[in-house]
Amino acid sequence: MIHALSMPLSKFKEAVVALGYKPFVATQIFQWVFKKSITDWDQMTDLSKSVRESIRSHVTLLDFKAVDSLPAGDASAVKFIVTLHDGKLVECVVLREKEYNTLCVSSQCGCPVDCKFCLTGVVGFKRNLEPYEIIGQVLIAQQAGYPITNLVFMGMGEPLLNYDNVFAAIDQINSPDGFHISKRNITVSTSGYLAGIKRLISEERFINLAFSVGNANPEKRKSLMPIESRNPILEVGRVLHQYQGMHNRKLTLEYTLLLGKNDGDQDIVELANLATYLNAKVNLINLNPHYRIPFTPVTSAHMGKIRDRLKSLGVPVTIRFRRGQDVSAACGQLGESHLK
Ligand code: SAH
Ligand code: SF4
């Protein structure tokens with residue numbers, strides 16, 4: 001089977017020609033898929049019936065077994081639970097704004113990084129997603145009536161541990177032949193996998209990056225994020241600094257607040273030092289609690305004080321409001337469907 005979504009149009013044309021069709025058949029299929037979000041062959045009315053009947057046994061478009069959606073009570077977020085062709089589950093979430101929709105996509109089924117505050121980590125690692133499975137998440141959101149303008153790789157998985165497939169998907173999403181979503185509107189979030197960041201540098205791949213800090217202090221970080229032992233934050237900071245010096249895209253430090261673990265004044269000062277060194281903005285996220293996660297969120301008043309403290313240290317800071325919590329669609333809550 002040919003997975004059309006995983007290929008650039010030029011490659012797909014070659015594949016289609018090798019099957020005995022004219023190259024423009026590939027262009028027509030790409031237009032249905034990427035410009036109209038249509039993956040049902042019978043709706044591709046500018047292809048002849050005989051082409052539609054024969055090509056579908058060679059070419060796969062959307063390859064999901066099932067898609068279930070759960071709207072949040074306040075309609076600000078919609079979670080999709082996708083059953084992959086092998087029966088495994090992944091989740092993605094549409095975050096709805098007035099003017100645009102952001103899709104929080106998954107890059108892996110589960111995650112091997114095992115951050116102690118994250119439900120996806122608790123679930124464990126199942127496998128990497130293929131480019132067509134990442135692109136497929138955009139398609140199902142659009143087919144459900146949410147045109148996607150922004151993408152964040154903040155769903156399940158560590159995107160830099162699935163580098164090839166994630167960037168093949170980003171290239172397709174960004175391409176004029178694909179969804180044509182601007183790179184400015186795509187953010188990749190990482191827990192700080194050094195080899196991945198170094199590869200971004202060597203390939204001169206410039207994207208909006210978010211780095212999940214956990215705690216800026218190496219010793220304290222190690223107890224929250226085991227990735228610290230082989231990917232020390234001091235080295236990650238140095239490499240991120242080099243990367244940021246090569247382009248002018250944004251860097252965000254994601255900071256999930258855990259009561260008594262990273263919310264003290266010394267923790268915040270160390271975070272501010274890192275942000276200043278990296279010329280980054282801080283995005284505060286309060287912990288989304290779960291019975292499988294042994295931490296507690298901070299109060300909103302405390303969160304406000306931390307924001308003010310960061311501001312007073314000269315660091316740009318935003319607060320990420322929890323959305324979709326009632327459907328376990330919020331950060332670090334993806335994976336709930338695996339626990340049932
Ligand atoms: N693996 C990547 C991207 C997915 S995680 C990474 O770690 O960056 C996306 C974000 O959710 C991360 O910033 C992470 O710190 C945050 N997060 C994880 N568990 C959370 C939880 N229980 N509550 C709030 N945020 C959480
Ligand atoms: Fe994986 Fe990110 Fe969750 Fe850590 S926070 S376990 S890297 S998904």
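When a ligand or atom number is given, it counts from 1 through the structure's own listing order.
- At least one side-chain heavy atom of Leu62 sits under 4.5 Å from a side-chain heavy atom of Ile140.
- Contact annotation: for Asp114 versus ligand 2, heavy atoms closer than 4.0 Å belong to the backbone alone.
- Comparing Cys111, Gly121, Ser212 by heavy-atom distance to atom 1 (Fe) of ligand 2, the nearest is Cys111.
- At a 3.5 angstrom cut-off on N or O pairs, Leu119 does not count as close to ligand 1.
- Under the 4.0 Å criterion applied to side-chain N and carboxylate O atoms, Lys198 and Glu235 are assigned as salt-bridge partners.
- Atom 3 (Fe) of ligand 2 has no N, O or S atom of Cys115 inside 2.8 Å of it.
- No side-chain N or O of Ser212 forms a donor-acceptor pair with one of Tyr255 less than 3.5 Å apart.
- Using a cut-off of 4.0 Å between Lys/Arg side-chain N and Asp/Glu carboxylate O, Asp164 and Arg199 are scored as salt-bridged.
- Every atom of ligand 1 with a heavy atom of Phe153 under 4.0 Å away is listed here by number and element: 3 (C).
- For a threshold of 3.5 Å applied to N or O pairs, the pair formed by Gly155 and ligand 1 contains no separation below that value.
- Looking at Arg52, its side chain does come within 3.5 Å of a backbone N or O of Leu47 through a donor-acceptor pair.
- Ligand 1 places these atoms under 4.0 Å from at least one heavy atom of Ser191: 6 (C), 7 (O), 8 (O).
- Between atom 13 (O) of ligand 1 and the options Gly214, Ser212, Gly121, the minimum heavy-atom separation is to Ser212.
- Checked for salt-bridge contact, Arg127 and Glu133 meet the test: a charged N lies under 4.0 Å from a carboxylate O.
- The closest approach between a heavy atom of Gly157 and any atom of ligand 2 is below 4.0 Å.
- Close contacts between ligand 1 and Thr190 involve ligand atoms 6 (C), 8 (O) [criterion: under 4.0 Å to a heavy atom].
- The atoms of ligand 1 that sit less than 4.0 Å from any heavy atom of Gly157 are 1 (N), 2 (C), 3 (C), 4 (C).
- For Ser107, there are no side chain to side chain donor-acceptor pair (under 3.5 Å) partners at least two apart in sequence or on another chain.
- Annotation for ligand 1: atoms under 4.0 Å from non-hydrogen atoms of Asn286 are 24 (C).
- Inter-residue side-chain proximity for Phe12 and Val59 is flagged as met; some heavy-atom pair is nearer than 4.5 Å.
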